[in-house]
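One structure below.
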Amino acid sequence: MSGGRCSIVWFRRDLRIEDNPALAAGVRAGAVIAVFIWAPEEEGHYYPGRVSRWWLKQTLAHLDITLRSLGTSLVTKRSTNSVSSLIEVVKSTGATQLFFNDLYDLLYEPWEITDVDGRPFATFVDFWNKCLSMPYDPAAPLLPPKKIISGDLSRCPSDTLVFEDESEKGSNALLARAWSPGWSSADKALTNFINGPLVEYSVNRKKADSATTSFLSPHLHFGEVSVRKVFNLVRIKQVIWANEGNKTGEESVNLFLKSIGLREYSRYTSFNHPCSHERPLLGHLKFFPWVVDENYFKAWRQGRTGYPLVDAGMRELWATGWLHDRIRVVVASFFVKVLQLPWRWGMKYFWDTLLDADLESDALGWQYISGTLPDGRELDHIDNPQFEGYKFDPKGEYVRRWLPELSRLPTEWIHHPWDAPESVLQAAGVELGSNYPLPIIGIDAAKSRLQEAILEMWQREAASRAAAENGTEEGLGDSSGSHRFAFPQYVQMEVEREPIRNNPATMIQRYEDQMVPSMTSFLRVEEEESSVDFRYLPGDSRPEVPANLDLGLDSRRETSNQGGSQIVRYNDTFPLFNATRGLQDVEDSTESSSSNSGRKGRDGGLVPVWSPSAPSASSSSYSERFVGENSGLGRS
DNA sequence: AGTTCGTTTTA
DNA sequence: AAAACGAAC
């Protein structure tokens, strides 16, 4: 049924051929124009980091090669406005249809996974149990097209996309030795993992430098392989091992699937709480007095905190863009609980440096660590890096690899050199405070400081509540107000050797909430985070935007006709990032009614029907309830 | 079989 | 610290 019809298939975070519903639909409908639009400015603060851009570059090249072998090629556009670029492509190709997938790639649609009352889950375990006990399986993966009829590209030239500058090329060259982006490598990685390390997953997952993780995360981030395919293949293995009575295998599968589930949950959470990369999900956490100390932040980034496991992790991250999940937890927990720096800074740093940087996953991870989720770590619990060191790196191999200055220290002291006798240090060539720092802050000091901070948080929360009950407008907890301040800049990672000194507690500044770090020079600095790009939102009057781009359609596949141009949506809303920031305002307005006034851009007609099966009213009241419900948690 | 004790885990 | 799990009684 091609009949000369031509569709645009807009690739976004689905850079694959197989199990790509939008591509399949385009191919079925006739000729196809495959498009990728590079519009990083639309991500606001979250301009992708160096390694992430490197990956994207490689995987796009790979996709292009594949498309060429199938009969077309990838049209690339550099843009600051994806929608106008799309329209340009429509005009220059005469396409009459547009297909694109969700930005979230999930096993089930978010609105399918609810409790008995139809409400979204607020804890992971319940969410995941529900996913695993759904009466029907996730959609089976689609096969790749055998051939693609190309639309007319003669009047639709590609832009050359620039993903790295000269200074980045050198560092990026190394990445290619360890990683191979692209859907076919993703497939290979998946099969290798399933047939290899997966059985041992449960045994090996505790080791800091284990090479037995799946290494799928960057592939999944860019959609080079669909979760449904991962899930399917793993489930097959699971059935086999269950029949064989392979206990280790079964346990491994469950654990691996759980980590897939966490990725699911991160998207689910972002869907139900679009601001979850910006704000704690537990209401009272917005009163937490984070420590704002750029020296702390710098010491952490440079791996000079004086805690070997933390420092080793941070050096590995900087050197390779990779970190084992355990170590991510260690460095993040240290960041939040010991240093008490605002978690969003840490999250932003991960975003800038991780090869598999993923806003949804990282937001969930940081919130979990920070204790800002209903089911996260205890707020007042501090993980002791020394003990964790002996747990995850019992022989100190990991530390020695990344901290050569400690390499000659015996294992007995490797995770707490500050306790080592002078003679031992001397023999190992370690001079604390000189070639390796003393602890930036003692764990005991951190513990009491944390207690105070929590106390202060509850006091402020109470004060704010009292003020609200009096009808007085609270200014105290208004995280969007004047307490925000610009973020410390770091553009390059200086590796200077100045000793880190302890900060006297009196020097510590605390603020209620922080702007996300804006460390890339690409960003327009004057932008507040609230200057959401409303291009995609309904109610925006910009004439060139097809009005039905952002309708909250709830069926899995729905079509609409408008002005002769058909737009087919695959259970999509609009790009998640943009949506995410747009919807944040929705929640704001439900929570602190008057704090909006100072913010730009929030007057536009917001509230797209984000969760279609639950009308907008219920989605905002749910958020309210969520915060309200849980604000009392943990007080006991 | 049911209880208890110890261990492990903790999104 | 608590809960879930599992082994032992």
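For clarity, every value in this text was computed on a predicted model and none was experimentally measured. By convention in this document, chain letters (A, B, ...) are assigned in the order of the sequence lines, proteins followed by strands, and residues within each chain are numbered from 1.
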Give the rounded distance in Å between these two atoms: [atom1] of [X] and [atom2] of [N].
| X | N | atom1 | atom2 | value |
| --- | --- | --- | --- | --- |
| A/Asp380 | C/dA2 | CG | C1' | 13 Å |
| A/Phe121 | B/dA11 | CZ | P | 16 Å |
| A/His381 | C/dA1 | NE2 | P | 9 Å |
| A/Glu388 | B/dT9 | CD | C1' | 13 Å |
| A/Asp383 | B/dA11 | CG | C1' | 13 Å |
| A/Phe387 | B/dT10 | CZ | P | 20 Å |
| A/Leu379 | C/dA2 | CG | P | 16 Å |
| A/Leu255 | C/dC5 | CG | C1' | 14 Å |

* Asked: Counting any heavy atom closer than 4.0 Å, what does A/Gly261 reach on the DNA or RNA strands: base, sugar-phosphate only, or nothing?
  ->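 Contact class for A/Gly261: none.
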* To do: Mind checking A/Ile369 for me? I need base, sugar-phosphate or nothing, with any heavy atom below 4.0 Å counting as a touch.
  =>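 No contact at all - A/Ile369 keeps every heavy atom at 4.0 Å or more from the nucleic acid.
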* Please check if the distance between the ring centroids of A/Phe350 and A/Trp366 is under 6.0 Å. =>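 Here the rings of A/Trp366 and A/Phe350 have centres that are less than 6.0 Å from each other.
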* Asked: Taking the P atom of each, how far is B/dA11 from C/dG6, in whole Å?
  ->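 Each nucleotide's P atom is 15 Å from the other's.
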* Asked: What residue among A/Asp102, A/Asp105, A/Asn272, A/Asp358 forms side chain to side chain donor-acceptor pair (under 3.5 Å) with A/Arg267?
  ->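 Result for side chain to side chain donor-acceptor pair (under 3.5 Å) with A/Arg267: A/Asp358.
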* If you round to the nearest 0.5 Å, how far is OG of A/Ser333 from OH of A/Tyr368? ->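 Output value for this atom pair is 9.0 Å.
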* Asked: A/Tyr368 stacking on B/dA11: centroids under 5.5 Å, ring planes under 30°?
  ->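 The ring of A/Tyr368 is stacked on B/dA11.
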* Can you check whether A/Lys391 has a side-chain N or O nearer than 4.0 Å to OP1 or OP2 of B/dT10? ->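 For B/dT10, neither OP1 nor OP2 has a side-chain N or O of A/Lys391 closer than 4.0 Å.
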* Could you label the plane-to-plane angle of the A/Trp55 and A/His219 rings as parallel, tilted or perpendicular, counting under 30° as parallel and over 60° as perpendicular? =>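 Rings of A/Trp55 and A/His219: perpendicular, as their planes differ by over 60°.
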